Colleague: 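Can you read through this structure? Questions will come right after.
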Amino acid sequence: MKKTPLFVVKHVCLIFISIMMVFPFLWMVISALKTKDEIWQFPPTLWPEKPMWHHFSEAWAIAPFDQYIFNSVFTASAIVFIQVINSALIAYAFTHLKFKGRNLLFSIILITYMLPTAATYVPSYVILADFHLLDTYSGLILSNAVSVFGIFLFRQAFMQVPRELVEAAKVDGARHWTIIWKIIFPTTKASFITFALISFVQNYNSYLWPTLITTSESKYLITTGLRQFFIQEGAYGIQWPLIMAASAFAVLPLLILFVFVQKWIISGISDQGLKG
């Protein structure tokens with residue numbers, strides 16, 4: 001295939017943008033291998049004179065990062081599971097069930113998506129306090145159990161499923177649950193996986209709300225744990241190599257996840273369920 005100038009320009013731009021996107025992560029990892037003086041050196045050096053690999057083990061030993069990562073992965077996974085289930089059920093009701101006020105109810109749900117997240121913190125905090133769910137895994141999970149974005153995304157995807165398939169299943173005696181997971185889910189699988197990934201990353205990186213409702217170190221998510229590591233006794237805030245090493249720990253689970261699901265991200269973006 002003959003490569004036109006436009007083809008070359010597009011790929012050069014894509015390569016440049018890719019490098020710009022991945023450079024901060026590479027710089028973080030490389031900085032973890034430097035001394036503090038090398039980090040502040042000007043002009044900066046791309047690679048340290050003597051890589052300090054022990055910074056990773058030292059940072060891991062100072063704080064319970066294994067507990068922080070477990071908390072983040074566990075709560076994010078539980079939230080994603082619940083959000084996928086209830087978003088799919090609600091979206092199915094909006095697309096394949098007929099009831100009065102359906103469009104009005106969907107509009108109300110979309111309006112709530114426009115509210116600033118911070119505006120819900122006070123009433124949510126009071127509700128969790130009334131049910132004694134502060135500083136618990138249950139509080140972290142249940143307070144994020146519903147995703148308006150997930151409802152909207154699944155509704156758009158379900159609308160692209162041929163109604164003939166659904167009607168044929170109903171004639172054959174299939175129940176609603178069977179229709180969702182035997183007919184609709186296989187057709188819109190890419191949308192499910194894409195939403196699950198987006199939701200997992202969002203909840204894994206959540207900072208402000210978990211910080212407000214958790215007080216014990218054993219319940220800290222990785223974001224709160226990094227903050228505590230940074231300010232602990234005023235010591236590690238100036239130890240930038242250790243901070244960079246700890247930040248690399250936080251990103252690692254997301255990179256591993258991306259490696260396994262990257263093909264579904266691409267197909268989910270171009271999925272017909274996102275059209276219309």
Side-chain angles (χ1 to χ4, degrees), residues 8-77 80 140 193 196-208 210-211 214 216-266:
V8 174
V9 171
K10 285 182 177 180
H11 280 72
V12 169
C13 291
L14 288 173
I15 293 173
F16 176 76
I17 294 173
S18 299
I19 294 175
M20 293 296 292
M21 293 292 291
V22 76
F23 182 76
F25 174 75
L26 294 178
W27 187 258
M28 177 181 68
V29 174
I30 293 173
S31 296
L33 302 175
K34 296 180 178 181
T35 64
K36 186 170 62 175
D37 293 335
E38 286 178 321
I39 288 180
W40 294 106
Q41 180 179 338
F42 187 84
T45 56
L46 184 60
W47 189 256
E49 181 178 348
K50 182 180 180 181
M52 312 292 286
W53 296 101
H54 64 86
H55 284 161
F56 290 98
S57 58
E58 184 178 346
W60 186 269
I62 291 174
F65 285 105
D66 54 342
Q67 183 66 44
Y68 298 156
I69 293 176
F70 169 80
N71 292 343
S72 292
V73 172
F74 171 71
T75 56
S77 299
V80 168
L140 286 168
I193 296 177
L197 179 64
I198 293 173
S199 179
F200 183 89
V201 173
Q202 180 181 4
N203 287 285
Y204 182 90
N205 290 327
S206 181
Y207 169 72
L208 184 56
T211 302
T214 55
S216 59
E217 188 177 21
S218 62
K219 299 297 189 302
Y220 282 167
L221 302 188
I222 185 63
T223 49
T224 308
L226 279 175
R227 174 182 176 274
Q228 289 298 112
F229 181 76
F230 184 82
I231 66 174
Q232 186 178 6
E233 299 177 0
Y236 305 120
I238 59 175
Q239 297 296 331
W240 286 106
L242 298 183
I243 294 294
M244 296 299 179
S247 299
F249 298 150
V251 178
L252 185 60
L254 298 180
L255 292 179
I256 296 174
L257 177 65
F258 179 79
V259 168
F260 286 100
V261 301
Q262 57 179 324
K263 67 176 182 179
W264 292 105
I265 301 174
I266 298 172

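Throughout, residue positions are numbered sequentially from 1 according to the sequence presented. In this text, all values refer to a predicted model and were calculated from it rather than measured experimentally.
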Colleague: For a side chain to side chain contact (heavy atoms under 4.5 Å, CB included) with Val12, tell me which candidate from Val8, Ile15, Leu14 qualifies.
Modeller: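 Answer after filtering Val8, Ile15, Leu14: Val8.
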
Colleague: Give the minimum heavy-atom separation between Leu140 and Lys219, together with the two atoms involved.
Modeller: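 Reported closest heavy-atom pair: CD1-O, 4.3 Å.
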
Colleague: What do the steps show when you test Asp66 against Phe70 for side-chain contact (heavy atoms from CB on, under 4.5 Å), and what is the final call?
Modeller: CA-CA 6 Å; Asp66 54 342; Phe70 169 80; over 6 Å; no

Colleague: Between Phe229 and Tyr68, is the ring-ring contact (aromatic ring centres under 6.0 Å, His included) condition met? List the steps.
Modeller: CA-CA 11 Å; Phe229 181 76; Tyr68 298 156; 9.0 Å; no

Colleague: Are any side-chain N or O atoms of Thr211 and backbone N or O atoms of Thr224, one a donor and one an acceptor, separated by less than 3.5 Å?
Modeller: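 No, the answer is negative, given that no donor and acceptor are paired below the 3.5 Å cut-off.
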
Colleague: If you measure from CD on Gln41 to NZ on Lys34, what distance do you get to the nearest 0.5 Å?
Modeller: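 Between atom CD of Gln41 and atom NZ of Lys34 there are 7.5 Å.
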
Colleague: In Å and rounded to the nearest 0.5 Å, what is the CG to CD1 distance from Leu26 to Ile19?
Modeller: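 With rounding to 0.5 Å, CG (Leu26) is 10.0 Å from CD1 (Ile19).
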
Colleague: Write down the atom of Ser77, the atom of Val73, and the distance for their closest heavy-atom approach.
Modeller: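 That closest heavy-atom pairing would be OG-O, 2.7 Å.
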
Colleague: Carefully, step by step, assess Asn203 and Ser199 under the rule side-chain hydrogen bond (donor to acceptor under 3.5 Å, both in side chains).
Modeller: CA-CA 6 Å; Asn203 287 285; Ser199 179; 3.2 Å; yes

Colleague: Would a 4.5 Å heavy-atom cut-off, applied to side chains only, mark Pro241 and Met52 as touching?
Modeller: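 Not touching, per the 4.5 Å side-chain cut-off.
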
Colleague: Looking at CD1 of Ile62 and OG of Ser57, how far apart are the two atoms once the value is rounded to the nearest 0.5 Å?
Modeller: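 Nearest 0.5 Å value for the CD1-OG distance: 9.5 Å.
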
Colleague: Is Phe230 close to Arg227 at the side-chain level, that is, under 4.5 Å between some pair of heavy atoms?
Modeller: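 In short, these two side chains do not touch, never coming nearer than 4.5 Å.
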
Colleague: Please check if the side chain of Glu38 supplies one atom and the backbone of Thr45 the other of a donor-acceptor pair under 3.5 Å.
Modeller: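 No; judged by distance alone, with no hydrogens or angles, the pair does not exist.
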
Colleague: Quick check: closest heavy atoms across Ser31 and Ile39, and the distance to 0.1 Å?
Modeller: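 Result for this residue pair: O-CD1, 3.6 Å.
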
Colleague: Looking only at non-hydrogen atoms, find the nearest pair between His55 and Leu242 and report the distance.
Modeller: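 For His55 and Leu242, the tightest heavy-atom pair comes out as O-CD2, 3.7 Å.
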
Colleague: For Leu226, run the side chain to side chain contact (heavy atoms under 4.5 Å, CB included) check against Tyr207, Phe249, Phe65 and tell me which one passes.
Modeller: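 Of Tyr207, Phe249, Phe65, side chain to side chain contact (heavy atoms under 4.5 Å, CB included) with Leu226 is met by Phe65 alone.
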
Colleague: List the atom of Ala32, the atom of Ala245, and the distance in Å for their closest heavy-atom pair.
Modeller: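 What the structure gives for the nearest pair is CB-N, 3.6 Å.
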
Colleague: Before giving the answer on side-chain contact (heavy atoms from CB on, under 4.5 Å), spell out for Leu221 and Thr214 the whole-Å C-alpha distance, their side-chain angles and the decisive distance to 0.1 Å.
Modeller: CA-CA 9 Å; Leu221 302 188; Thr214 55; over 6 Å; no

Colleague: Once rounded to the nearest 0.5 Å, what's the spacing between atom OG1 of Thr35 and atom CH2 of Trp40?
Modeller: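 These two atoms lie 12.5 Å from each other.
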
Colleague: What's the shortest heavy-atom distance between Ser218 and Gln67, and which atoms?
Modeller: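 Here Ser218 and Gln67 meet closest at O-NE2, 3.4 Å.
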
Colleague: Would you check if Pro51 and Trp47 make a side-chain contact, meaning some heavy-atom pair closer than 4.5 Å?
Modeller: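 Yes, side chains in contact.
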
Colleague: Is a donor on one side and an acceptor on the other found under 3.5 Å between the side chain of Tyr204 and the backbone of Ala250?
Modeller: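 Present.
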
Colleague: Taking atom CG of Leu46 and atom CD1 of Ile30, what is their separation to the nearest 0.5 Å?
Modeller: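 The CD1 atom of Ile30 is 5.0 Å from CG of Leu46, to the nearest 0.5 Å.
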
Colleague: Kindly indicate, with the supporting measurements, whether the criterion side-chain contact (heavy atoms from CB on, under 4.5 Å) is fulfilled by Met20 and Phe23.
Modeller: CA-CA 5 Å; Met20 293 296 292; Phe23 182 76; 5.8 Å; no

Colleague: CD/Glu49 to CG/Leu33 distance, rounded to the nearest 0.5 angstrom?
Modeller: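 Spacing of CD (Glu49) from CG (Leu33) equals 14.0 Å.
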
